[in-house]
Peer 1: 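First the structure, then my questions, so here it is.
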Amino acid sequence: MLLLALSSCMSKSYELVWSDEFNANGPLSAEWTFEQGFQRNQELQWYQPQNAWVEDGCLVIEARREQVPNLNYREGSRDWRWSRKQADYTSACVTTQGRHEFLYGRFEVRAKIPTASGAWPAIWLLGNQWEWPQNGEIDMLEYYIKNGQPSILANVCWGGHERWTPVWRESATPFTHFLTKDPQWAEKFHIWRMDWTPRHIRLYVDDELLNEIDLKESSNQGFSGNTENPFNTKVKGVGHYLLLNLAIGSNGGIPDDSQFPLRYLVDYVRVYQVKKR
C-alpha cells in the first residue's frame, strides 16, 4: 500500500520531460553528442563515437583493448593529452550537452556496469556555465577504487577559493556492501536515481540513499568573484547536461586485459520535473 501511495504521489507531482529508451538498434540519435580523444584524469582510453551504439534495447558503451593514434599528439608537449603518441584502449562518452540541459528534477538511469579491474563507469552531470568546478558536478554513479577497495560513489562538488579547487561532498560505499546483499549484483541491472530540488540533492541506487546534499551549503566560494550556487540559481540559462561514459585506468585501477572488451549497458534514461500549474 505504501508503494502504491508513493507512486500515486509522484504521478501527481512529476511529469516525464525527456527520456531515451534506446529501442531503435543502430547509432545513437541526435539527442546525444560525443566526447572525443583524451579528456581528463590521465585516463587510458581514447574516446570515439564508434564505441557506442544501441542494441537489443540498450545503449552499449564498449571499452576495447586496441591501439589508436593520438590525433592531437604534439612532440615535446608536457600536457598528457598531447604528449602520448597513441592510446592503448578505446571507449565512449556520450552527453546531452547542447541538446538537453536541466535544472532540478528526478533523474533515473537503469544500467548494468562492468566491474572488472580498470573499469570506471559513470553517470554524471556538469553545469553549462563557468569553468569546472564553479559549474558544479553531480556524480549519480561512479565505480572505482576508493580507500583501497572497489566502491560505488555518489558525489557532488562546486567551486572553492582557488581555481580548479573543488569542494566535495563525497559518499563511497564499498562494493562488498552490495555483494553481501546479492552475490550476483554485478550481473544485474540497477536503477540510479537523483532527486534534485532547490533545497537538496539526494542520490540513490535501487532506492537506497547514498548521499544527501543541503543546497544551502553548495555556493561557490569566491574564486574570480563567483559566489553563485550552480545547483540552485536564478542566473538565466544555467542548466546541467548528462554524461554516460566508461573510463579505463586512473581511479579505476590497473586494467585486467583478459576481461576486454568491457560493456556498460544502459536500459533507459528518464528525466521528470514538477508539473507546471
Side-chain angles (χ1 to χ4, degrees), residues 26-28 30 32-55 59-99 111-128 130-135 137 139 141-146 148-151 153 155 157 162-166 168 241-266:
L28 271 74
W32 299 92
T33 62
F34 293 89
E35 290 191 340
Q36 300 202 45
F38 293 128
Q39 289 292 325
R40 56 185 69 85
N41 302 317
Q42 299 195 39
E43 297 156 0
L44 300 178
Q45 80 288 338
W46 178 268
Y47 282 137
Q48 55 186 20
Q50 54 264 48
N51 287 60
W53 66 92
V54 177
E55 179 181 305
L59 163 65
V60 180
I61 298 177
E62 184 174 85
R64 303 169 187 155
R65 178 74 167 95
E66 61 180 351
Q67 292 184 344
V68 295
N70 180 0
L71 302 179
N72 301 317
Y73 172 69
R74 301 179 189 176
E75 186 174 357
S77 174
R78 295 184 178 181
D79 189 309
W80 69 273
R81 294 169 296 176
W82 304 323
S83 62
R84 301 173 177 178
K85 288 187 176 181
Q86 67 182 36
D88 295 320
Y89 301 86
T90 63
S91 188
C93 176
V94 304
T95 92
T96 66
Q97 185 175 20
R99 303 291 199 272
K112 177 182 175 183
I113 64 170
T115 58
S117 181
W120 184 355
I123 303 166
W124 54 305
L125 298 95
L126 284 173
N128 63 1
W130 316 300
E131 68 178 10
W132 186 89
Q134 278 77 21
N135 60 343
E137 176 180 332
D139 303 324
L141 155 73
E142 291 187 284
Y143 170 87
Y144 61 74
I145 307 298
K146 182 73 173 181
Q149 57 185 326
S151 300
L153 295 99
N155 302 327
C157 79
E162 304 294 332
R163 191 179 191 187
W164 301 321
T165 304
W168 285 102
Y241 59 91
L242 182 71
L243 302 94
L244 306 172
N245 69 286
L246 175 53
I248 301 299
S250 188
N251 287 352
I254 299 173
D256 180 354
D257 290 344
S258 69
Q259 299 299 306
F260 283 75
L262 301 176
R263 283 194 169 189
Y264 174 17
L265 305 179
V266 180

Peer 1: Name all residues meeting the ring pair (Phe, Tyr, Trp, His ring centres under 6.0 Å) criterion together with Tyr264; count only those two or more places apart in sequence or in a different chain, and write none if there are none.
Peer 2: none
Peer 1: Is Glu75 atom CD crowded by more than 12 heavy atoms from other residues, nucleotides or ligands, each under 6.0 Å away?
Peer 2: no
Peer 1: If every non-hydrogen atom of Thr90 is compared with every non-hydrogen atom of Gln45, which pair is closest and at what distance?
Peer 2: C-CB, 4.3 Å
Peer 1: First locate atom CZ of Arg40, then atom SG of Cys93, and finally report the distance between them rounded to the nearest 0.5 Å.
Peer 2: 5.5 Å
Peer 1: Looking at Asn128 and Gln97, would you say the former's side chain and the latter's main chain have a donor-acceptor pair under 3.5 Å?
Peer 2: no
Peer 1: Looking at Arg99 and Ala30, would you say the former's side chain and the latter's main chain have a donor-acceptor pair under 3.5 Å?
Peer 2: yes
Peer 1: Hey, can you pull the donor-acceptor pairs under 3.5 Å for the side chains in residues 243-251, sequence neighbours left out?
Peer 2:
residue: Asn245; atom: OD1; partner: Trp124; partner atom: NE1; Å: 2.7
residue: Asn245; atom: ND2; partner: Tyr47; partner atom: OH; Å: 2.9
residue: Ser250; atom: OG; partner: Asn41; partner atom: O; Å: 2.9

Peer 1: Do Gln86 and Tyr73 make a side-chain contact, defined as non-hydrogen atoms from C-beta onward lying under 4.5 Å apart?
Peer 2: no
Peer 1: Do side-chain atoms of Ser151 reach the backbone of Leu153 as a donor and acceptor pair under 3.5 angstrom?
Peer 2: no
Peer 1: Under 4.5 Å between any side-chain heavy atoms of Asn72 and Trp46, yes or no?
Peer 2: yes
Peer 1: Restricting to non-hydrogen atoms, name the atom on Asp139 and the atom on Glu142 that form the minimum distance, rounded to 0.1 Å.
Peer 2: OD2-OE1, 3.1 Å
Peer 1: For the side chain to side chain contact (heavy atoms under 4.5 Å, CB included) test, which of Thr33, Leu59, Asn51 pairs with Val94?
Peer 2: Leu59
Peer 1: Restricting to non-hydrogen atoms, name the atom on Ala92 and the atom on Ile61 that form the minimum distance, rounded to 0.1 Å.
Peer 2: O-CG2, 3.5 Å
Peer 1: If only atom types and distance count, is the side chain of Gln39 paired as donor or acceptor with the main-chain N or O of Gln36 below 3.5 Å?
Peer 2: yes
Peer 1: Does Tyr143 reach the main-chain N or O of Thr115 with its side chain, forming a donor-acceptor pair under 3.5 Å?
Peer 2: yes
Peer 1: Let me confirm one number: the OH-CG distance from Tyr241 to Leu126, rounded to the nearest 0.5 Å.
Peer 2: 4.5 Å
Peer 1: Is it the case that more than 12 heavy atoms not belonging to Glu162 sit under 6.0 Å from its CD atom?
Peer 2: no
Peer 1: Compare all side-chain heavy atoms of Gln67 with those of Asp88 and state whether any distance is below 4.5 angstrom.
Peer 2: yes
Peer 1: How about Cys157 and Trp132: do any of their side-chain heavy atoms sit closer than 4.5 Å?
Peer 2: yes
Peer 1: For a quick test of reading the model, state the closest non-hydrogen atom pair linking Arg263 to Glu55 and the distance between them.
Peer 2: NH1-OE2, 3.6 Å
Peer 1: Does Arg163 offer a backbone N or O that forms a donor-acceptor pair with the side chain of Thr165 under 3.5 Å?
Peer 2: yes
Peer 1: How would you list, by chain and number, every residue that makes a ring pair (Phe, Tyr, Trp, His ring centres under 6.0 Å) with Trp80, sequence neighbours excluded?
Peer 2: Phe38
Peer 1: Looking only at non-hydrogen atoms, find the nearest pair between Arg65 and Phe260 and report the distance.
Peer 2: N-CD2, 3.8 Å
Peer 1: Kindly compute the distance separating CD (Glu62) from CH2 (Trp53), expressed to the nearest 0.5 Å.
Peer 2: 4.0 Å
Peer 1: Check the pair Trp32, Thr96 against side-chain contact (heavy atoms from CB on, under 4.5 Å), reporting the backbone distance first and the verdict last.
Peer 2: CA-CA 5 Å; Trp32 299 92; Thr96 66; 3.6 Å; yes
Peer 1: Other residues, nucleotides and ligands only: do more than 12 of their heavy atoms fall within 6.0 Å of CD1 on Ile254?
Peer 2: no
Peer 1: Please tell me whether Glu137 and Asn135 have a donor and an acceptor in their side chains that are separated by less than 3.5 angstrom.
Peer 2: no
Peer 1: Do you know the tightest heavy-atom contact between Arg81 and Asp79?
Peer 2: NH2-OD2, 2.7 Å
